[in-house]
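Step one of this worksheet: look at the structure below.
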2 protein chains.
Amino acid sequence: MLTSILAPGTGISAPLMELLSGGEVESKPTSSFVDGQSIYSSGERVGQAYRVEFGAVRVYRVLANGRRQILAFHFGGNWFGLQNGDRHRSTAEAIGVTGIRSINLQKDPHIWQGLLPAVLENFSSAQEHQLVICRQSAVERVAAFLLEMSERAGNSQRFELFMPRVDVADYLGLTIETVSRSLTKLKNKGIIKLHGPRGIEIMQYRALQGLCL
Amino acid sequence: MLTSILAPGTGISAPLMELLSGGEVESKPTSSFVDGQSIYSSGERVGQAYRVEFGAVRVYRVLANGRRQILAFHFGGNWFGLQNGDRHRSTAEAIGVTGIRSINLQKDPHIWQGLLPAVLENFSSAQEHQLVICRQSAVERVAAFLLEMSERAGNSQRFELFMPRVDVADYLGLTIETVSRSLTKLKNKGIIKLHGPRGIEIMQYRALQGLCL
DNA sequence: CGGACCGTTGACACTTATCAAACGCGGTGG
DNA sequence: CCACCGCGTTTGATAAGTGTCAACGGTCCG
């Protein structure tokens, strides 16, 4: 996550590095959220930075036309809730039972500095996602999504999706029907196997990568 | 651009704040680029942060299928080229004659801290753009684009686009034909007037905003 | 005058959204 | 134990939107 440029000795203090890597510096204890419970909501004041301890989080915005766009999923170790402006413009919800550790930004404003790598990481993810969403067909988006989830699950060939179809659809800018059809296509080509609604098994890694042009 | 959280006294040093607001702290003199000239390219080492002095910049990536996606446009005052990892994953090019000031990140790595607001700003823009691109129709995307350009031109009703149609298309995830058709639709509804290929005049601001759901 | 470049317009094909229905599964209650 | 219901997913038919291919028009410049 950290880059050569952001390596030790760059002005980022050691305790913050530790915090970033999972230390418990100045943080509240982990609090638990149930499925669908909101961690922060659009319009609320920004005052905390959050880190997923276990489970998963979706960050989304609802447009005036009623459509929901999931901007990002966050999993164990990911920081989120970092933004400029004093009010949240998005909503963060737990997916399943989720543990969140938060740190207060007001009390300790210089902590922002330590969070720079996390912000850069989020920024990078947003750009990657933008590419997938804008210039790929439905099947290609789903393929990219599966690879992303596989990677986040430790590059495992077999894994369970945290989220239902509607979340996948709202993340990829598709409808649930199109997501479902795309999965079926990949299944029929023998590239993946589906184990129930959430279970994914990648049979042909190469073929999947080939789709993600 | 700066938020309450990032106001003075937050640990960001005064010289860096000055730098961000346009001061000339530790920066090289402005260098000039001609239309289409690259400022950095995908694969190059990350070593500088850049700031647009005049003109405009497009940051894009080319996918394996040959399609180009413009991730962001940057105008006077905007910082760009900030990312994690040690190699650029995108290419930045001047649009028209453009002045760029750069600062060396290696020599002065703690400067990253002062750039945090700029990174947050870029992150925020990327997310906004993601929403426009994923959940809006062609006309709505073009409408949002015109409002964005109007805002960047100081909320002026009449302005000139910096970039040709192909850039607009690659920014919005559309084809030049669809962009052209969308502009024609807006023109026919009396919402905008077109003054040559680059000139835009917004006749009904409200109607345009109404399209951006 | 001719050509190159950019933008517009038109015809058509293809992808995906929409609307609708069926399926599978877990839970509840008779 | 089994029928029933609710929910999420899948599948099907159709329509709308956008991409593709092609032609045309305008401007700039040699």
Task: For B:F75, all residues meeting ring-ring contact (aromatic ring centres under 6.0 Å, His included), sequence neighbours excluded - done: B:F162

Task: Nearest-Å distance for atom pair CD1/P, residues B:I200 and C:dG7 - done: 11 Å

Task: Spacing of A:R198 atom CZ relative to D:dC7 atom C1', expressed in whole Å - done: 12 Å

TODO: Starting at the 5' end of nucleotides 12-24 of chain D, put B wherever the base has a protein heavy atom under 4.0 Å, S where only the sugar-phosphate does, and a dash everywhere else.
DONE: BB----SSBB---

TODO: Take the protein atom CG of A:L172 and the nucleotide atom P of C:dT15, then report the distance between them rounded to whole Å.
DONE: 18 Å

- [ ] Output the distance between atom CZ (B:F145) and atom CG (B:L161), rounded to the nearest 0.5 Å.
- [x] 5.5 Å

TODO: To the nearest Å, give me how far apart CG (B:D170) and P (C:dC6) are.
DONE: 13 Å

- [ ] May I ask you to check whether A:S182 and A:R141 show a side-chain donor-acceptor distance below 3.5 Å?
- [x] no

- [ ] Please work out which of the three classes, parallel, tilted or perpendicular, describes the rings of B:H88 and B:Y50, given edges at 30° and 60°.
- [x] tilted

Task: Residue among A:I70, A:L71, A:T91, A:D170 satisfying side-chain contact (heavy atoms from CB on, under 4.5 Å) with A:R58 - done: A:I70

Open item on the list: Please report whether the ring centroid of A:Y171 lies less than 6.0 Å from that of A:H129.
Closed with: yes

- [ ] Report the nucleotide, chosen from C:dT8, D:dT10, D:dT9, that has the shortest atom-to-atom distance to any side-chain atom of A:P197.
- [x] D:dT9

Task: Interatomic distance where CG belongs to A:L194 and P belongs to D:dT11 [whole Å] - done: 9 Å

Open item on the list: In this structure, how many angstroms lie between the C1' atom of D:dT10 and the CG atom of A:L183, rounded?
Closed with: 11 Å

- [ ] For B:K187 and C:dT8, give me the distance from atom NZ to atom P, rounded to whole Å.
- [x] 8 Å

Open item on the list: Can you measure A:H195 atom NE2 to D:dT10 atom C1' for me and round it to whole angstrom units?
Closed with: 17 Å

